[in-house]
**Q** 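Before anything else, here's the structure in question.
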Amino acid sequence: KISGHVWAESIFDTRQTVNARENDVLLYPAKEILDANGKDINAKSSFNMLNIHSRARLKITAPKFLNAKVSGLLEGDFVGSANDKIGLFRLRHAMVKLNWAKSELLAGQYWHPMFTTDVYPQIVSWGAAVPFFPLQRSAQLRYSYGATSNSKFSIAASTQLDFKSNGPNGASTEYMRNAAMPELNATYVLGLKSNFLIGANIGFKTLKPQLSYTVDALTYKSEESIGSYHLNLFSKIKMDKTAVRLGTIYGQNLYDFVMIGGYGVSGVNSNGEAKYTNLTTGTYWFDFDSGFIGKKITLGIFAGYTKNYGADNPITGAVYARGTDIDYSYRVSPRIIYGVGNVKFRFEVSHDTAAYGTPDTNYKVQNTNNVSNTRFVFATTLHF
C-alpha cells in the first residue's frame, strides 16, 4: 500500500533561533549578541517557506513466517540527514514486524523507544516538540509482549544513525559503535484499549569518546567510557472528542534526542586519561486537543518546560553538550486545524523563552536573562 502526504508550510519568527534544517525544526530562541552600539544582533525576524516534510510510504504485507503475521514499512522524506543535505531524499523508517497472538518482533529502523508512539504531542510544527520531547529514529531489535490486549511490555536494543551523540570528533555514531554495546530500553504501557493510558520507559547507553589519548607526546590506548540513563513517564486521557497527553523525562546525556544536555571532561584518571561526567536534564510537557463541528475543526495547545540540572561532577575540560548556557526553557503553542479527509489547513503560534546565563563548574547556570521568540506556522497538507 502506497501512502504519504504533501506538506507545504510557511514560518515566521520574531527573532533568530537555534534550529535545524534552515529554521524548520525549532529548539529555542538564540541568545542576545550585542553590537558596538549595544543592539541585539539576533533581534531580527525571519521568514521561510518549506516543503521538505512531504513524504512517501510503503506498507507491506507478506505470507506468514514462523506462524506469525508479517508486515513491513519503508518510508522517506526530503528533510535530508544533515543541514547540508536538506532537500535530499532520506530514510525515515525501514523495518519488518512479525506478529504472533500476544507478542511482536520488530527489526529495522523505527521510532526510538523513548519516542512513545502511543503518547506524543500533536503539534503542527515539525520536530516533535524538541527539546521538550525526544526526537530520534534508530536501528533496533525490539520484542514486545502483551499478556492482555490492554497492556504491552517491550525490550529493545538500538544503535544510532541520523540522531548522533556528541564527542571529541563532533556529532557521530562512532562513540556508540566503539563502545561495542547497543543502547538498551524497556517500556511498559497499560491501558491501550481504554480511555486512560499510562506508561514508562527506561534506558541506558554507553559511549566511548576516544580510542587513544596522548600524555607527554606518547600515545596510549583509551580505557575510559561513559554510561548514562534516561526515564520517560507518560499518560493519555481520552474523553469523547477530547484528548489530554502529558509526560515527564529525566535523564543524562540527552544530546542524541535533540534535547539540551550532554557530557563533559571531569578530570583525568591515574594514567592521565580524561574522565567524563554527565549533564542531567528534566522536561515536563502537556498537550490538549479537542474536535468541533464534526471534527472539521480541531483546537489544541501544547506547553513544555525543560530544565538544566547540571553535571554530576565539576567539569574541568571540554564539554560535548547542547544548551550549556541555558538554565531553563519553556514553550506555549496553541493551534487550530481545519479540514476533513485528505486536505487540511493547520495554524500554530509558538511562544518560546530561554533563560541564558553563565554556567558554574557543575554547569548549573547562574545570573540568567530571558530571551523570547514567537513563531507563526501555517501549513497546507494533502494526504494520500
Side-chain angles (χ1 to χ4, degrees), residues 18 20 27-31 112 114 129-136 160 163-176 179 181 183-185 201-210 224-233 247-269 273-285 304-331 352-369 371:
V18 178
L27 275 77
Y28 35 78
K31 66 181 179 181
H112 186 281
M114 268 273 277
V130 293
F132 312 97
F133 190 84
L135 175 62
Q136 187 180 140
Q160 299 176 348
F163 299 85
K164 310 172 180 70
S165 293
N166 202 1
N169 296 323
S172 173
T173 66
E174 67 180 86
Y175 315 118
M176 180 173 284
M181 180 73 176
E183 181 179 322
L184 301 176
N185 277 265
N201 163 264
I202 186 168
F204 183 84
K205 67 173 176 277
T206 303
L207 303 179
K208 190 167 186 60
Q210 56 185 4
E224 291 285 340
S225 61
I226 182 170
S228 59
Y229 69 87
H230 54 257
L231 174 65
N232 183 9
L233 304 176
T248 181
I249 297 165
Y250 185 84
Q252 302 171 323
N253 188 13
L254 299 180
Y255 184 95
D256 53 315
F257 295 107
V258 200
M259 302 172 74
I260 65 172
Y263 64 99
V265 175
S266 60
V268 295
N269 62 18
E273 180 184 0
K275 298 189 300 182
Y276 306 97
T277 185
N278 287 298
L279 278 75
T280 301
T281 303
T283 72
Y284 315 87
W285 66 273
Y305 175 88
T306 185
K307 170 71 173 177
N308 172 13
Y309 290 111
D312 300 334
N313 300 299
I315 293 178
T316 60
V319 183
Y320 311 112
R322 177 184 291 110
T324 55
D325 54 355
I326 294 177
D327 180 31
Y328 63 85
S329 178
Y330 64 83
R331 175 180 301 166
D352 285 73
T353 296
Y356 284 95
T358 304
D360 62 15
T361 55
N362 280 74
Y363 272 72
K364 294 182 179 180
V365 179
Q366 315 290 328
N367 305 316
T368 60
N369 175 49
V371 179

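This structure is a prediction, so every number in the text was calculated from the model and none was measured. Positions are given from 1 along the sequence.
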**Q** Does Ser329 use its side chain to pair, donor to acceptor, with the backbone of Thr353 at less than 3.5 Å?
**A**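 It does hold such a pair.
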**Q** Any salt bridge (charged side-chain N to carboxylate O under 4.0 Å, His left out) involving residues 313-327? Give me the pairs, sequence neighbours left out, ordered by first then second residue.
**A**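 Salt bridge (charged side-chain N to carboxylate O under 4.0 Å, His left out) check on residues 313-327 returns Lys31-Asp325, Lys307-Asp327.
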**Q** Restricting to side chain to side chain contact (heavy atoms under 4.5 Å, CB included), what partner residues turn up for Thr248, sequence neighbours left out?
**A**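 Once residues adjacent in sequence are excluded, the partners of Thr248 under the side chain to side chain contact (heavy atoms under 4.5 Å, CB included) criterion are Leu233, Tyr284.
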**Q** Which residues satisfy the ring pair (Phe, Tyr, Trp, His ring centres under 6.0 Å) test with Tyr328, sequence neighbours excluded?
**A**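 Checked Tyr328 against ring pair (Phe, Tyr, Trp, His ring centres under 6.0 Å); matches are Tyr305.
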**Q** Taking side chain to side chain donor-acceptor pair (under 3.5 Å) as the definition, give me every residue that meets it alongside Tyr229, ordered by chain and number, with sequence neighbours left out.
**A**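 Here no residue qualifies.
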**Q** Just jot down the side chain to side chain donor-acceptor pair (under 3.5 Å) partners of Gln136, sequence neighbours excluded, or say none.
**A**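 Applying side chain to side chain donor-acceptor pair (under 3.5 Å) to Gln136 gives Asp256.
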**Q** Got a donor-acceptor contact below 3.5 angstrom from the Arg331 side chain to the Pro131 backbone?
**A**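 No; judged by distance alone, with no hydrogens or angles, the pair does not exist.
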**Q** Can you check side chain to side chain contact (heavy atoms under 4.5 Å, CB included) on Asn253 and Leu207, steps first, answer last?
**A** CA-CA 10 Å; Asn253 188 13; Leu207 303 179; 3.3 Å; yes
**Q** Can you sort out the partners of Asp360 under salt bridge (Lys or Arg N to Asp or Glu O under 4.0 Å), two or more places apart, ordered by chain and number?
**A**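 In terms of salt bridge (Lys or Arg N to Asp or Glu O under 4.0 Å), with neighbours along the sequence ignored, Asp360 is linked to no residue.
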**Q** Quick one: side chain to side chain donor-acceptor pair (under 3.5 Å) partners of Thr361, sequence neighbours excluded?
**A**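 Result, side chain to side chain donor-acceptor pair (under 3.5 Å) vs Thr361: none returned.
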**Q** Determine the minimum heavy-atom distance between Met114 and Pro134, stating which atoms define it.
**A**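 Closest heavy-atom pair between Met114 and Pro134: O-CG, 3.5 Å.
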**Q** Using a 3.5 Å cut-off and no angle test, enumerate the donor-acceptor pairs between side-chain atoms of residues 362-369 and protein atoms at least two apart in sequence or in another chain.
**A**
from   : atom 1 : to     : atom 2 : distance (Å)
Asn362 : ND2    : Ala311 : O      : 3.2
Gln366 : NE2    : Lys364 : O      : 3.4
Asn369 : ND2    : Glu32  : OE1    : 3.3

**Q** Name the orientation class of the two ring planes belonging to Trp285 and Phe133 (parallel below 30°, tilted from 30 to 60°, perpendicular beyond 60°).
**A**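 Plane angle over 60°, so perpendicular.
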**Q** Over all heavy atoms of both residues, which pair between Tyr175 and Asn166 is shortest? Give the atoms and the distance, please.
**A**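 Closest heavy-atom pair between Tyr175 and Asn166: CE1-C, 3.6 Å.
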**Q** Could you list the residues that satisfy side chain to side chain contact (heavy atoms under 4.5 Å, CB included) with Thr206, not counting sequence neighbours?
**A**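 Checked Thr206 against side chain to side chain contact (heavy atoms under 4.5 Å, CB included); matches are Ala179, Phe204, Ser225.
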**Q** Where is the tightest heavy-atom contact between Gln252 and Gly227, given as atom of each residue plus distance?
**A**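 The pair with the smallest heavy-atom distance is OE1-O, 4.0 Å.
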**Q** How close do Asn308 and Thr324 get, heavy atom to heavy atom, and via which atoms?
**A**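 Nearest pair, atom of Asn308 first, then Thr324: ND2-O, 4.1 Å.
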**Q** For the NZ atom of Lys205 and the CD atom of Gln160, what is their distance to the nearest 0.5 Å?
**A**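 Here the interatomic distance stands at 7.0 Å.
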**Q** Show, in sequence, the C-alpha distance, side-chain angles and deciding distance for Ile260 and Thr281, and conclude whether the side chain to side chain contact (heavy atoms under 4.5 Å, CB included) test is met.
**A** CA-CA 7 Å; Ile260 65 172; Thr281 303; 3.6 Å; yes
**Q** Which atoms form the tightest heavy-atom contact between Asn313 and Ser266, and what is the distance?
**A**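 The pair with the smallest heavy-atom distance is CB-CB, 4.3 Å.
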**Q** Given the side-chain rings of His230 and Phe257, with only the six-membered ring counted for Trp, is the space between their centroids under 6.0 Å?
**A**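 Centroid separation for His230 and Phe257: below 6.0 Å.
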**Q** Please determine whether side chain to side chain contact (heavy atoms under 4.5 Å, CB included) holds for the pair Glu174 and Asn169, giving the CA-CA distance in whole Å, both sets of side-chain angles, and the decisive distance to 0.1 Å.
**A** CA-CA 9 Å; Glu174 67 180 86; Asn169 296 323; 3.1 Å; yes
**Q** On a heavy-atom basis, which atom in Glu273 and which in Glu224 lie closest, and how many Å separate them?
**A**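 In this case the closest contact between Glu273 and Glu224 is OE2-N, 3.1 Å.
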**Q** Could you work out, with ring pair (Phe, Tyr, Trp, His ring centres under 6.0 Å) as the rule, every residue matching Tyr263, not counting sequence neighbours?
**A**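 Tyr263 satisfies ring pair (Phe, Tyr, Trp, His ring centres under 6.0 Å) with Tyr276, Tyr320 once adjacent residues are dropped.
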**Q** Kindly write out the residues that satisfy side chain to side chain contact (heavy atoms under 4.5 Å, CB included) with Ile202, not counting sequence neighbours, or none if the list is empty.
**A**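 Expected list: Ala186, Leu231.
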**Q** Would you give the length of the straight line joining atom OG1 of Thr277 to atom CD1 of Ile315, rounded to the nearest 0.5 angstrom?
**A**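 Going from OG1 on Thr277 over to CD1 on Ile315, the span is 6.0 Å.
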**Q** Please identify each residue that fulfils side chain to side chain donor-acceptor pair (under 3.5 Å) with Lys275, with sequence neighbours left out.
**A**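 So Lys275 forms no side chain to side chain donor-acceptor pair (under 3.5 Å) with any residue.
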